[in-house]
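What follows is a short report on a single structure.
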Amino acid sequence: MQAFTDAILTALAQETSLAREDLKLETPRNPELGDFAFPCFPLAKTLRKAPPKIAQELAEGLAKRLEGIEVQATGPYLNFRIDRPILARSVIESILKAGDTFGHSQEGAGKTIVIDLSSPNIAKPMSVGHLRSTVIGAAIQRLHDALGYTTVGINHIGDWGSQFGKLIAALDRWGEEVDLDNDPIPALLKLYVRYHEEEEADPTLKEAAAAAFRELESGVDGPVRAVWRKMTALSLSEFDRVYARLGVTFDEVRGEAFYESYLDQTVQRVVDTGITEESEGALVVSLKQFGENLPPCILRKTDGTTLYATRDLAAVFHRWELYSFERCLYVVGGDQRLHFRQLKHVLDRMGLEWEPRMEHIDFGMVRLPEGRMSTRHGKVVFLQDVLDEASRRATEIIKEKNVNLTNPEAVGEMIGMGAVVFNDLKRERVKDIAFTWEEVLAFEGDTGPYVQYTHARLSSIGRKAAAAGEGSGKCDFEAVAEDSTLILELGRYPNVLVRAAAEAEPSLLTQYLLGLSRMINSWIAQRRVLGQEEGVTSARLALANSCKVVVSNGLGILGVPAPTEM
RNA sequence: GCGCCCGUAGCUCAGCUGGAUAGAGCACCGGACUUCUAAUCCGACGGUCCCAGGUUCGAGUCCUGGCGGGCGCGCCA
């Protein structure tokens, strides 16, 4: 498909003597008009002619330069239409030839993308909020993998900070009252909530927590550290169960604690650039030059311990030295926009020219209809419950609809996970989501299961054709000439990947797959593959297989399973 | 109070980085299963693109100012 747009752009460039980069093709709103369009308005000024006249004049010259592509001037637009059989053959053959690498490229060869994703806090259950960072980050990583980048997915576990001082203090006091061994996460959560309830009334609790964190950070390998280690291990094994269900893996799992030994040199490195100052007993970098009201970045608290920002700086230095990344993407909620702005400003003040490569890939909050989720106040929806319920409901439906299926539980799990993951990737990243069970458990309409169902139907057609021994003949591409809207959409897939990766926006791919699935289901309803003339069946089967390849590849990148039956 | 993000059909959202008549899903209504899976398809209904200015041949899209909602604003992460 690229070949066609390339040819058109080259011809346009020659005919108008403008640079190719300045010319942009669009898709006509009405497909009847053509496959690609070029609006002549921008040329009006330089040529001092009316756009419709320009279109008319250009059309004649272009027609001579283009073979297999019809040119027509319609008002101020030039519309291009590719010869139907040529289009069909070109798109279908390139998809079937590439197979599961269709849409892949080498544009990222030799470049490394670091992605910071998921990053849950230990000692807390994962909520539906953590799901977003996990699935968005994983999709962004696979998008870059497909484009030939070297990617490094890092799960930056929240395993450090004063909150663990609190937890250790709470464990110290009430540890006997909870069952840490059999039900670790809820037990820790209970302690965390209780600490926050009681710290107001009991100031010694606050001091005990601060002391515990001081000891943790001092490096002393005593009882405090032992407790911390235990909490970490318990949490990580819980997380792994969720990641396995979601099909997410990481190249590195490095908690904040990993950077512990880098903290002093990190602070020193900033100090050496001469931009730090002492303010109210803390070591800070002033960011006033970027905005009068911008708070400074604090590197060390009055008591000498570090903060989130210090550890994030240590992490980004470490990553830069290790990977010399093209981009380092932080898939973190929008509530931390200020934090990342501050970090980038610090890098900027340090004179590091790679500062723009660090990007905060922010996303909207998941809220409950009645308001904000809060772990402390018990107003959360646990991810595990959502996954369980989605899987259960999908299995239930499957048993009802497809009694012949031998493994309804396994497929139900695929559909359930697909519904949850796809739903989270469906809309633009930045948009907030109001969590409702009704929405995550929807299996009809604009949902993951709709796309999965499309894939299952296409797979079924392939199976039936093979069983009947049909469709292996020479394709009559005239037979799919009428299906050019679908074929053009298939051809667009590689560009969708490029754009989705560049913008770190998986929703471009989910939206594309929804639109494509709509076209496919409509096509299936009105065209029969089996039992036609050999050339017709072969061509239609090739088209169906092309659709299957694109849907399957797209779902793979999103991390949504593509069942062949459901 | 200040800063950032969002505002498109009753609800949830697209809108190809400024182009031709603003599109889907859900819900509601009417049709289509002895024919490759009805988790589907076809049709009907549904719009002051938050408001007011501005830039432009052209604005849902860009700029300014409002309004509404969300998030954040020095020793939490």
Side-chain angles (χ1 to χ4, degrees), chain A residues 24 26-30 33 37 39 41-42 44-45 50-51 74-77 79 119 121 158 160-163 166 256 279-284 291-303 305-309 311-312 332-339 341 362 364-365 367 372 394 397-398 401-402 404 415 419 426-428 430-434 436 438-439 442-447 449-450 452-454 456-465 468 470 492 495-496 499 503 507-508 511-512 514-515 517-518 521-531 540-541 544 565-566:
Chain A
K24 210 192 78 192
E26 18 186 280
T27 311
R29 204 167 277 295
N30 179 358
L33 292 169
F41 304 101
K45 216 175 260 171
T74 313
Y77 287 87
N79 289 311
S119 311
N121 293 325
W160 206 250
S162 47
Q163 54 174 323
K166 294 174 186 178
E256 291 183 70
S279 169
E280 298 165 35
L283 184 69
V284 309
E292 200 44 47
N293 294 321
L294 204 61
C297 179
I298 301 176
L299 298 177
R300 273 196 202 282
K301 297 189 263 192
T302 315
D303 70 357
T305 56
T306 61
L307 289 98
Y308 183 39
R311 297 187 286 274
D312 259 355
V332 179
D335 52 346
Q336 290 186 39
R337 286 189 184 108
L338 177 60
H339 167 72
R341 253 179 79 202
D362 58 344
M365 313 239 316
R367 290 173 302 108
R372 190 179 184 144
I397 294 173
I398 252 181
K401 292 192 185 260
N402 194 341
N404 299 321
I415 307 299
K426 191 161 76 175
R427 58 213 112 204
E428 225 183 335
V430 295
K431 284 189 165 117
D432 287 350
I433 299 180
T436 61
E438 194 192 353
E439 198 176 313
F443 299 142
E444 293 173 15
D446 282 354
T447 64
Y450 175 71
Q452 292 175 311
Y453 177 70
T454 309
R457 293 184 83 181
L458 292 167
S459 303
S460 176
I461 292 173
R463 279 193 302 272
K464 294 255 157 84
E470 294 185 33
R492 214 165 67 79
N495 284 328
V496 172
R499 214 184 129 206
E503 296 179 25
S507 72
L508 291 170
Q511 291 295 335
Y512 167 81
L514 285 172
S517 295
R518 237 175 268 132
N521 279 306
S522 179
W523 179 81
I524 291 175
Q526 60 192 25
R527 302 264 193 268
R528 197 168 165 77
V529 175
L530 268 55
R540 287 189 179 162
L541 182 62
E565 285 181 276
M566 65 187 268

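Chain naming here is simple, since letters A, B, ... match the order of the sequence lines and numbering starts at 1 in each.
Close to rC5(B), at under 4.0 Å from its OP1 or OP2, lies no side-chain N or O of Arg337(A). OP1 or OP2 of rG72(B) lies within a sub-4.0 Å distance of a side-chain N or O belonging to Arg372(A). Under 4.0 angstrom from either OP1 or OP2 of rG18(B) there lies no side-chain N or O belonging to Lys24(A). OP1 or OP2 of rC41(B) lies within a sub-4.0 Å distance of a side-chain N or O belonging to Tyr450(A). The side chain of Tyr453(A) places an N or O atom within less than 4.0 Å of a non-bridging phosphate oxygen (OP1 or OP2) of rA39(B). Not one side-chain nitrogen or oxygen of Lys426(A) sits closer than 4.0 Å to the OP1 or OP2 atom of rA14(B). Look at Lys431(A) and you'll find a side-chain N or O under 4.0 angstrom from OP1 or OP2 of rG7(B). Taking only side-chain nitrogens and oxygens, Arg311(A) comes nearer than 4.0 Å to OP1 or OP2 of rA77(B). An OP1 or OP2 oxygen of rU40(B) is reached within less than 4.0 angstrom by no side-chain nitrogen or oxygen of Ser522(A).
Using N1 to N3 plus N6-O4 or O6-N4 for Watson-Crick, or N1-O2 and O6-N3 for G-U wobble, each under 3.5 Å, rA27(B) pairs with nothing. Judged by Watson-Crick or G-U wobble contacts below 3.5 Å, the nucleotide rC57(B) has rG19(B) as its partner.
Between Arg341(A) and Val284(A), the residue whose closest nucleotide on RNA chain B is further toward the 5' end is Arg341(A). Place Arg29(A) and Ile461(A) on RNA chain B by their nearest nucleotides, and Arg29(A) ends up nearer the 5' end.
At most 12 non-hydrogen atoms from other residues, nucleotides or ligands lie less than 6.0 angstrom from CD of Glu438(A).
Judged by atom type and distance alone, Asn79(A) reaches the base of rA20(B) through a side-chain donor-acceptor pair under 3.5 Å.
rA9(B) and rG23(B): their P atoms are spaced 14 Å apart (whole Å). Nucleotides rU40(B) and rG58(B), compared at atom C1', are 41 Å apart to the nearest Å.
Arg492(A) comes within 4.0 angstrom of nothing in the nucleic acid, heavy atoms only.
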